[in-house]
Amino acid sequence: MPSAPPPQPGILEIALYQGGASKVAGVRDVLKLSSNENPAGPPPSAVEAAAGALRTMHLYPPTDHASLRAAIAEAHGLDPERVICGVGSDEVITFLCQAFAGPGDEVLHTEHGFLMYPISARAAGATPVAAPERARRADVDALLDACTERTRLVFLANPNNPTGTMLGGQDVVRLADGLPEGCLLVLDGAYAEYVEDFDGGLKLAETRENVVVTRTFSKIYGLGGMRVGWGYGPRAVIDVLNRVRGPFNLSTPALAAAEAAVRDEAFLRRTRADNAANRTALQAGLDALGIAFDPSEANFVLARLESAEAAEAADSFLQSRGVIVRRVAAYGLPEGLRITVGDAEGVARVLDALAAFRAERAA
Ligand SMILES: *Cc1c(COP(=O)(O)O)cnc(C)c1O
(Lines give C-alpha, C1' and ligand atoms only; values in the text may rest on other atoms or scores of the structure.)
Protein backbone atom coordinates (compact mmCIF):
# COMPACT_ATOMS: atom_id res chain seq x y z
CA MET A 1 0.00 0.00 0.00
CA PRO A 2 1.40 3.48 -0.83
CA SER A 3 2.31 5.48 2.24
CA ALA A 4 1.55 9.10 3.17
CA PRO A 5 4.36 11.61 2.69
CA PRO A 6 6.38 12.72 5.70
CA PRO A 7 5.40 16.11 7.17
CA GLN A 8 7.47 19.22 6.46
CA PRO A 9 10.63 19.67 8.56
CA GLY A 10 9.94 20.97 12.06
CA ILE A 11 6.31 19.86 12.26
CA LEU A 12 6.98 16.77 14.38
CA GLU A 13 8.99 18.88 16.84
CA ILE A 14 5.90 20.87 17.75
CA ALA A 15 4.72 20.11 21.28
CA LEU A 16 0.93 20.22 21.23
CA TYR A 17 -0.47 23.34 22.89
CA GLN A 18 -2.42 22.49 26.04
CA GLY A 19 -5.44 24.71 26.62
CA GLY A 20 -6.52 25.54 30.16
CA ALA A 21 -8.60 22.75 31.68
CA SER A 22 -12.26 23.51 32.35
CA LYS A 23 -13.48 20.37 34.12
CA VAL A 24 -12.62 18.41 37.24
CA ALA A 25 -13.95 14.86 37.49
CA GLY A 26 -16.59 14.65 40.21
CA VAL A 27 -16.72 18.40 40.93
CA ARG A 28 -19.76 20.33 39.81
CA ASP A 29 -19.10 23.92 40.84
CA VAL A 30 -15.87 24.56 38.96
CA LEU A 31 -14.06 27.90 39.00
CA LYS A 32 -11.91 28.18 35.86
CA LEU A 33 -8.95 30.47 36.39
CA SER A 34 -6.69 28.80 33.84
CA SER A 35 -7.18 30.69 30.56
CA ASN A 36 -7.22 34.40 31.46
CA GLU A 37 -10.85 34.76 30.42
CA ASN A 38 -13.03 37.68 31.45
CA PRO A 39 -14.91 36.66 34.64
CA ALA A 40 -17.75 39.05 33.70
CA GLY A 41 -18.44 37.16 30.48
CA PRO A 42 -18.84 38.79 27.06
CA PRO A 43 -20.19 42.30 26.51
CA PRO A 44 -24.00 42.04 26.14
CA SER A 45 -23.65 44.38 23.14
CA ALA A 46 -21.47 41.77 21.41
CA VAL A 47 -23.85 38.91 22.20
CA GLU A 48 -26.71 40.86 20.67
CA ALA A 49 -24.71 41.74 17.56
CA ALA A 50 -23.59 38.15 17.02
CA ALA A 51 -27.13 36.85 17.49
CA GLY A 52 -28.37 39.31 14.85
CA ALA A 53 -25.67 38.17 12.46
CA LEU A 54 -26.86 34.56 12.67
CA ARG A 55 -29.76 35.42 10.37
CA THR A 56 -27.36 35.84 7.47
CA MET A 57 -25.35 32.69 8.05
CA HIS A 58 -26.21 31.44 4.57
CA LEU A 59 -24.10 34.27 3.11
CA TYR A 60 -20.32 34.31 2.95
CA PRO A 61 -18.80 36.89 5.29
CA PRO A 62 -17.00 39.96 3.92
CA THR A 63 -13.44 39.16 2.97
CA ASP A 64 -11.96 42.62 3.63
CA HIS A 65 -13.28 43.04 7.23
CA ALA A 66 -13.76 46.71 6.30
CA SER A 67 -16.36 47.45 8.93
CA LEU A 68 -14.41 45.89 11.81
CA ARG A 69 -11.14 47.45 10.67
CA ALA A 70 -12.82 50.86 10.55
CA ALA A 71 -14.16 50.41 14.09
CA ILE A 72 -10.73 49.32 15.37
CA ALA A 73 -9.05 52.24 13.59
CA GLU A 74 -11.56 54.69 15.04
CA ALA A 75 -11.18 53.37 18.59
CA HIS A 76 -7.38 53.57 18.50
CA GLY A 77 -6.77 56.47 16.10
CA LEU A 78 -5.18 54.27 13.42
CA ASP A 79 -5.06 53.92 9.64
CA PRO A 80 -7.61 51.17 8.79
CA GLU A 81 -5.50 50.17 5.76
CA ARG A 82 -2.80 49.01 8.14
CA VAL A 83 -5.07 46.71 10.20
CA ILE A 84 -5.34 42.97 9.51
CA CYS A 85 -7.86 40.74 11.30
CA GLY A 86 -7.27 37.11 12.16
CA VAL A 87 -8.85 34.10 13.83
CA GLY A 88 -7.53 35.23 17.18
CA SER A 89 -4.20 36.97 17.33
CA ASP A 90 -2.83 33.42 17.12
CA GLU A 91 -3.64 33.48 13.43
CA VAL A 92 -1.83 36.79 12.94
CA ILE A 93 1.20 35.24 14.67
CA THR A 94 0.90 32.27 12.29
CA PHE A 95 0.74 34.60 9.25
CA LEU A 96 3.86 36.43 10.44
CA CYS A 97 5.86 33.22 10.80
CA GLN A 98 4.55 31.76 7.56
CA ALA A 99 5.28 34.91 5.57
CA PHE A 100 8.60 35.98 7.07
CA ALA A 101 10.36 32.88 8.44
CA GLY A 102 11.22 29.53 6.92
CA PRO A 103 13.88 26.80 7.03
CA GLY A 104 17.22 28.28 8.11
CA ASP A 105 15.62 31.36 9.68
CA GLU A 106 15.39 32.11 13.39
CA VAL A 107 12.42 33.35 15.37
CA LEU A 108 13.44 34.93 18.65
CA HIS A 109 11.29 35.10 21.77
CA THR A 110 11.89 35.59 25.47
CA GLU A 111 12.72 32.74 27.86
CA HIS A 112 9.23 32.57 29.39
CA GLY A 113 7.43 33.87 26.31
CA PHE A 114 4.07 32.71 24.95
CA LEU A 115 4.23 29.13 23.62
CA MET A 116 2.51 30.00 20.34
CA TYR A 117 5.74 31.70 19.16
CA PRO A 118 7.89 28.54 19.03
CA ILE A 119 4.91 26.52 17.81
CA SER A 120 4.23 28.88 14.89
CA ALA A 121 7.93 29.19 14.11
CA ARG A 122 8.30 25.41 13.85
CA ALA A 123 5.12 25.11 11.79
CA ALA A 124 6.80 27.44 9.28
CA GLY A 125 9.99 25.34 9.31
CA ALA A 126 11.96 28.05 11.16
CA THR A 127 14.02 27.63 14.31
CA PRO A 128 12.73 29.16 17.53
CA VAL A 129 15.39 30.73 19.78
CA ALA A 130 14.79 31.81 23.39
CA ALA A 131 16.65 34.80 24.87
CA PRO A 132 17.20 34.71 28.65
CA GLU A 133 15.09 36.93 30.87
CA ARG A 134 16.24 38.68 34.00
CA ALA A 135 14.18 37.64 37.02
CA ARG A 136 11.19 36.81 34.81
CA ARG A 137 11.33 40.08 32.89
CA ALA A 138 12.33 40.49 29.25
CA ASP A 139 15.91 41.71 28.87
CA VAL A 140 16.54 44.02 25.90
CA ASP A 141 20.30 43.42 25.88
CA ALA A 142 19.84 39.66 25.92
CA LEU A 143 17.37 39.90 23.04
CA LEU A 144 19.71 42.10 20.99
CA ASP A 145 22.64 39.79 21.78
CA ALA A 146 20.63 36.78 20.59
CA CYS A 147 19.94 38.32 17.17
CA THR A 148 21.90 36.85 14.29
CA GLU A 149 21.85 37.49 10.56
CA ARG A 150 19.22 34.73 10.39
CA THR A 151 16.77 36.34 12.83
CA ARG A 152 13.60 37.36 11.00
CA LEU A 153 11.08 37.88 13.81
CA VAL A 154 11.37 38.89 17.46
CA PHE A 155 8.27 38.26 19.57
CA LEU A 156 7.71 40.20 22.78
CA ALA A 157 4.45 39.91 24.71
CA ASN A 158 4.09 43.12 26.69
CA PRO A 159 2.79 42.50 29.33
CA ASN A 160 4.03 38.93 29.05
CA ASN A 161 2.08 35.74 29.65
CA PRO A 162 2.68 33.87 31.99
CA THR A 163 4.93 36.22 33.99
CA GLY A 164 2.67 39.30 34.05
CA THR A 165 5.70 41.61 33.83
CA MET A 166 6.31 44.21 31.16
CA LEU A 167 8.95 46.45 29.61
CA GLY A 168 8.65 50.23 29.69
CA GLY A 169 8.34 52.36 26.57
CA GLN A 170 12.02 53.38 26.46
CA ASP A 171 13.15 49.75 26.58
CA VAL A 172 10.80 48.80 23.75
CA VAL A 173 12.07 51.70 21.61
CA ARG A 174 15.66 50.63 22.30
CA LEU A 175 14.79 47.09 21.23
CA ALA A 176 13.04 48.22 18.02
CA ASP A 177 15.85 50.56 17.05
CA GLY A 178 18.62 48.12 17.97
CA LEU A 179 17.41 45.22 15.82
CA PRO A 180 19.41 44.30 12.74
CA GLU A 181 18.21 45.05 9.23
CA GLY A 182 15.49 42.78 7.90
CA CYS A 183 14.04 41.71 11.22
CA LEU A 184 10.53 42.46 12.49
CA LEU A 185 9.68 43.21 16.12
CA VAL A 186 6.24 41.83 16.99
CA LEU A 187 4.74 43.42 20.09
CA ASP A 188 2.01 41.11 21.34
CA GLY A 189 -0.46 43.31 23.19
CA ALA A 190 -2.92 40.61 24.26
CA TYR A 191 -3.03 42.21 27.72
CA ALA A 192 -2.29 45.83 26.76
CA GLU A 193 -5.79 47.06 27.65
CA TYR A 194 -5.31 46.06 31.28
CA VAL A 195 -2.53 48.63 31.62
CA GLU A 196 -3.72 52.17 32.27
CA ASP A 197 -2.65 54.67 29.57
CA PHE A 198 -0.76 52.13 27.48
CA ASP A 199 -1.18 51.72 23.72
CA GLY A 200 0.63 48.39 23.43
CA GLY A 201 3.18 49.87 21.04
CA LEU A 202 0.69 51.13 18.41
CA LYS A 203 2.37 54.54 18.28
CA LEU A 204 5.74 52.90 17.78
CA ALA A 205 4.32 50.79 14.95
CA GLU A 206 3.03 54.04 13.44
CA THR A 207 6.57 55.39 13.03
CA ARG A 208 8.72 52.30 12.43
CA GLU A 209 9.21 50.10 9.39
CA ASN A 210 10.12 47.08 11.54
CA VAL A 211 7.37 46.98 14.19
CA VAL A 212 4.08 45.06 14.15
CA VAL A 213 1.57 45.01 17.01
CA THR A 214 -0.90 42.18 17.62
CA ARG A 215 -4.05 42.54 19.70
CA THR A 216 -6.93 40.28 20.66
CA PHE A 217 -10.63 40.28 21.53
CA SER A 218 -10.10 37.15 23.66
CA LYS A 219 -9.04 38.77 26.91
CA ILE A 220 -10.43 42.10 28.11
CA TYR A 221 -13.23 42.07 25.51
CA GLY A 222 -14.43 38.67 26.71
CA LEU A 223 -14.69 37.04 23.27
CA GLY A 224 -12.22 34.12 23.50
CA GLY A 225 -14.73 31.71 21.99
CA MET A 226 -15.35 33.93 18.96
CA ARG A 227 -11.70 33.88 17.88
CA VAL A 228 -10.94 37.41 16.71
CA GLY A 229 -7.61 39.21 16.86
CA TRP A 230 -5.86 41.83 14.78
CA GLY A 231 -2.49 43.19 13.83
CA TYR A 232 -1.18 46.65 12.98
CA GLY A 233 1.98 47.40 11.06
CA PRO A 234 3.62 48.98 8.04
CA ARG A 235 1.49 48.82 4.90
CA ALA A 236 4.03 46.64 3.11
CA VAL A 237 3.97 44.08 5.93
CA ILE A 238 0.17 44.04 6.19
CA ASP A 239 -0.03 43.59 2.43
CA VAL A 240 2.21 40.50 2.68
CA LEU A 241 0.13 39.04 5.53
CA ASN A 242 -3.10 39.54 3.58
CA ARG A 243 -1.72 37.35 0.80
CA VAL A 244 -1.47 34.34 3.11
CA ARG A 245 -4.76 35.07 4.90
CA GLY A 246 -7.73 32.95 3.87
CA PRO A 247 -10.37 35.18 2.25
CA PHE A 248 -13.15 34.12 4.66
CA ASN A 249 -11.11 33.58 7.81
CA LEU A 250 -13.60 35.32 10.12
CA SER A 251 -17.26 34.37 10.39
CA THR A 252 -20.07 36.93 10.24
CA PRO A 253 -21.07 36.52 13.94
CA ALA A 254 -17.43 36.83 15.02
CA LEU A 255 -16.99 40.04 12.99
CA ALA A 256 -20.23 41.47 14.40
CA ALA A 257 -19.33 40.59 17.99
CA ALA A 258 -15.86 42.12 17.74
CA GLU A 259 -17.15 45.31 16.14
CA ALA A 260 -19.75 45.78 18.88
CA ALA A 261 -17.14 45.04 21.55
CA VAL A 262 -14.58 47.53 20.27
CA ARG A 263 -17.28 50.23 20.27
CA ASP A 264 -18.33 49.34 23.84
CA GLU A 265 -16.00 51.62 25.76
CA ALA A 266 -18.01 51.35 28.96
CA PHE A 267 -17.44 47.57 29.04
CA LEU A 268 -13.72 48.06 28.50
CA ARG A 269 -13.40 50.63 31.28
CA ARG A 270 -15.46 48.56 33.71
CA THR A 271 -13.45 45.39 33.06
CA ARG A 272 -10.15 47.23 33.44
CA ALA A 273 -11.22 48.77 36.76
CA ASP A 274 -12.67 45.50 38.10
CA ASN A 275 -9.52 43.63 37.11
CA ALA A 276 -7.28 46.17 38.84
CA ALA A 277 -9.29 45.97 42.08
CA ASN A 278 -9.51 42.17 42.09
CA ARG A 279 -5.86 41.80 41.14
CA THR A 280 -4.90 43.99 44.10
CA ALA A 281 -6.98 41.71 46.35
CA LEU A 282 -5.43 38.55 44.88
CA GLN A 283 -1.89 39.88 45.29
CA ALA A 284 -2.58 41.06 48.86
CA GLY A 285 -3.95 37.60 49.67
CA LEU A 286 -0.89 35.85 48.21
CA ASP A 287 1.32 38.21 50.20
CA ALA A 288 -0.55 37.38 53.39
CA LEU A 289 -0.03 33.67 52.69
CA GLY A 290 3.68 34.23 52.06
CA ILE A 291 3.42 33.09 48.44
CA ALA A 292 5.85 34.84 46.09
CA PHE A 293 4.77 36.61 42.88
CA ASP A 294 5.91 39.46 40.65
CA PRO A 295 3.42 42.35 40.62
CA SER A 296 1.29 41.74 37.54
CA GLU A 297 0.25 44.22 34.85
CA ALA A 298 -2.29 41.80 33.35
CA ASN A 299 -5.40 39.81 34.31
CA PHE A 300 -3.48 36.99 35.98
CA VAL A 301 -0.84 36.58 38.64
CA LEU A 302 2.03 34.11 38.49
CA ALA A 303 2.28 32.62 41.99
CA ARG A 304 5.61 30.98 42.77
CA LEU A 305 5.69 28.15 45.28
CA GLU A 306 8.76 26.77 47.04
CA SER A 307 9.30 24.02 44.49
CA ALA A 308 7.87 22.22 41.49
CA GLU A 309 6.58 19.57 43.88
CA ALA A 310 4.75 22.20 45.95
CA ALA A 311 3.22 23.70 42.80
CA GLU A 312 1.99 20.31 41.68
CA ALA A 313 0.55 19.54 45.11
CA ALA A 314 -1.14 22.94 45.32
CA ASP A 315 -2.59 22.47 41.83
CA SER A 316 -4.06 19.08 42.79
CA PHE A 317 -5.42 20.45 46.06
CA LEU A 318 -7.06 23.39 44.28
CA GLN A 319 -8.59 21.05 41.72
CA SER A 320 -10.06 18.88 44.47
CA ARG A 321 -11.85 22.06 45.56
CA GLY A 322 -13.01 22.78 42.03
CA VAL A 323 -10.52 25.59 41.40
CA ILE A 324 -8.56 25.25 38.16
CA VAL A 325 -5.39 27.30 37.72
CA ARG A 326 -2.59 26.87 35.20
CA ARG A 327 0.67 25.03 35.72
CA VAL A 328 3.36 26.62 33.62
CA ALA A 329 6.18 24.06 33.64
CA ALA A 330 6.10 24.13 29.82
CA TYR A 331 7.13 27.79 30.08
CA GLY A 332 10.21 26.92 32.12
CA LEU A 333 8.44 27.80 35.37
CA PRO A 334 7.81 24.46 37.15
CA GLU A 335 7.27 26.13 40.53
CA GLY A 336 4.69 28.52 39.11
CA LEU A 337 0.92 28.57 39.12
CA ARG A 338 -0.70 31.13 36.89
CA ILE A 339 -3.94 32.33 38.44
CA THR A 340 -6.42 34.33 36.36
CA VAL A 341 -7.87 37.30 38.23
CA GLY A 342 -11.48 36.31 38.83
CA ASP A 343 -14.35 38.38 40.15
CA ALA A 344 -14.29 39.23 43.88
CA GLU A 345 -15.90 35.93 44.79
CA GLY A 346 -13.47 33.97 42.61
CA VAL A 347 -10.47 35.69 44.16
CA ALA A 348 -11.76 34.89 47.65
CA ARG A 349 -12.35 31.27 46.67
CA VAL A 350 -8.87 30.65 45.29
CA LEU A 351 -7.26 32.38 48.27
CA ASP A 352 -9.34 30.28 50.70
CA ALA A 353 -8.28 27.14 48.90
CA LEU A 354 -4.60 28.16 48.98
CA ALA A 355 -4.87 28.93 52.70
CA ALA A 356 -6.36 25.48 53.27
CA PHE A 357 -3.55 23.94 51.22
CA ARG A 358 -0.97 25.73 53.36
CA ALA A 359 -2.70 24.66 56.57
CA GLU A 360 -2.85 21.03 55.45
CA ARG A 361 0.84 21.01 54.52
CA ALA A 362 1.84 22.56 57.84
CA ALA A 363 -0.16 19.96 59.77
C1 LIG B 1 -4.17 34.88 25.13
C2 LIG B 1 -3.00 35.36 24.38
C3 LIG B 1 -3.11 35.70 23.05
C4 LIG B 1 -4.45 35.71 22.38
O5 LIG B 1 -4.68 34.65 21.58
P6 LIG B 1 -5.98 34.69 20.67
O7 LIG B 1 -5.60 33.79 19.57
O8 LIG B 1 -6.19 36.09 20.23
O9 LIG B 1 -7.11 34.18 21.51
C10 LIG B 1 -2.00 36.17 22.36
N11 LIG B 1 -0.83 36.31 23.00
C12 LIG B 1 -0.69 36.05 24.30
C13 LIG B 1 0.61 36.29 24.96
C14 LIG B 1 -1.77 35.54 25.02
O15 LIG B 1 -1.63 35.23 26.31
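One is the number of the first residue; the rest follow in order along the sequence. Atoms within a ligand are numbered from 1 in the order they appear, just like the ligands themselves.
A salt bridge links Arg136 with Asp294; the closest basic N to acidic carboxylate O contact falls under 4.0 Å. For the pair Arg270 and Asp274, the salt-bridge criterion is not met [side-chain N within less than 4.0 Å of a carboxylate O].
At the top of the distance list for atom 7 (O) of ligand 1, counting protein heavy atoms only, stands Arg227 NH2, 2.7 Å. Atom 4 (C) of ligand 1 has its closest protein heavy atom at Ser89 OG, 3.3 Å. At the top of the distance list for atom 11 (N) of ligand 1, counting protein heavy atoms only, stands Asp188 OD2, 2.6 Å. Nearest to atom 1 (C) of ligand 1 among the protein's heavy atoms is Lys219 NZ, 1.2 Å.
The heavy atom nearest to atom 15 (O) of ligand 1, out of those in Tyr117, Phe114, Tyr191, is found in Tyr191.
Contacts of Ser218 with ligand 1, taken as heavy-atom pairs under 4.0 Å, involve the side chain alone. At a heavy-atom distance under 4.0 Å, no atom of Met116 approaches ligand 1.
Within the cation-pi definition used here (under 6.0 Å to the ring centroid, within 45° of the axis), Arg152 does not qualify as a partner of Phe100.
The contact set between ligand 1 and Gly88, taken as ligand atoms under 4.0 Å from a residue heavy atom, comprises 6 (P), 7 (O), 8 (O). Here is the list of ligand 1 atoms found below 4.0 Å of a heavy atom in Asn161: 13 (C), 14 (C), 15 (O). Counting the atoms of ligand 1 from 1 in the order shown, those under 4.0 Å from a heavy atom of Ala190 are 2 (C), 3 (C), 10 (C), 11 (N), 12 (C), 14 (C).
Residue contact check for ligand 1: Gly229 places no non-hydrogen atom closer than 4.0 Å to it.
We find the SG-CG distance between Cys97 and Leu153 to be 5.5 Å, quoted to the nearest 0.5 Å. Taking CG from Leu68 and CG from Leu250, the interatomic distance works out to 7.5 Å, rounded to the nearest 0.5 Å.
Ring planes of Tyr17 and Phe114: perpendicular class, angle over 60° (limits at 30 and 60°).
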Please output the side-chain donor-acceptor pairs of residues 348-363 that fall under 3.5 Å, not counting sequence neighbours, one pair per line with the distance.
{"residue": "Arg349", "atom": "NH1", "partner": "Asp29", "partner atom": "O", "Å": "3.3"}
{"residue": "Arg349", "atom": "NH1", "partner": "Asp29", "partner atom": "OD2", "Å": "3.4"}
{"residue": "Arg349", "atom": "NH2", "partner": "Asp29", "partner atom": "O", "Å": "2.6"}
{"residue": "Arg349", "atom": "NH2", "partner": "Arg321", "partner atom": "O", "Å": "3.0"}
{"residue": "Arg358", "atom": "NH1", "partner": "Leu289", "partner atom": "O", "Å": "2.8"}
{"residue": "Arg358", "atom": "NH2", "partner": "Glu306", "partner atom": "OE2", "Å": "2.7"}
{"residue": "Arg361", "atom": "NH2", "partner": "Glu309", "partner atom": "OE1", "Å": "3.2"}
{"residue": "Arg361", "atom": "NH2", "partner": "Glu309", "partner atom": "OE2", "Å": "2.7"}

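Residue Tyr60 places its OH atom among 12 or fewer non-hydrogen atoms of other residues, nucleotides or ligands, all under 6.0 Å distant.
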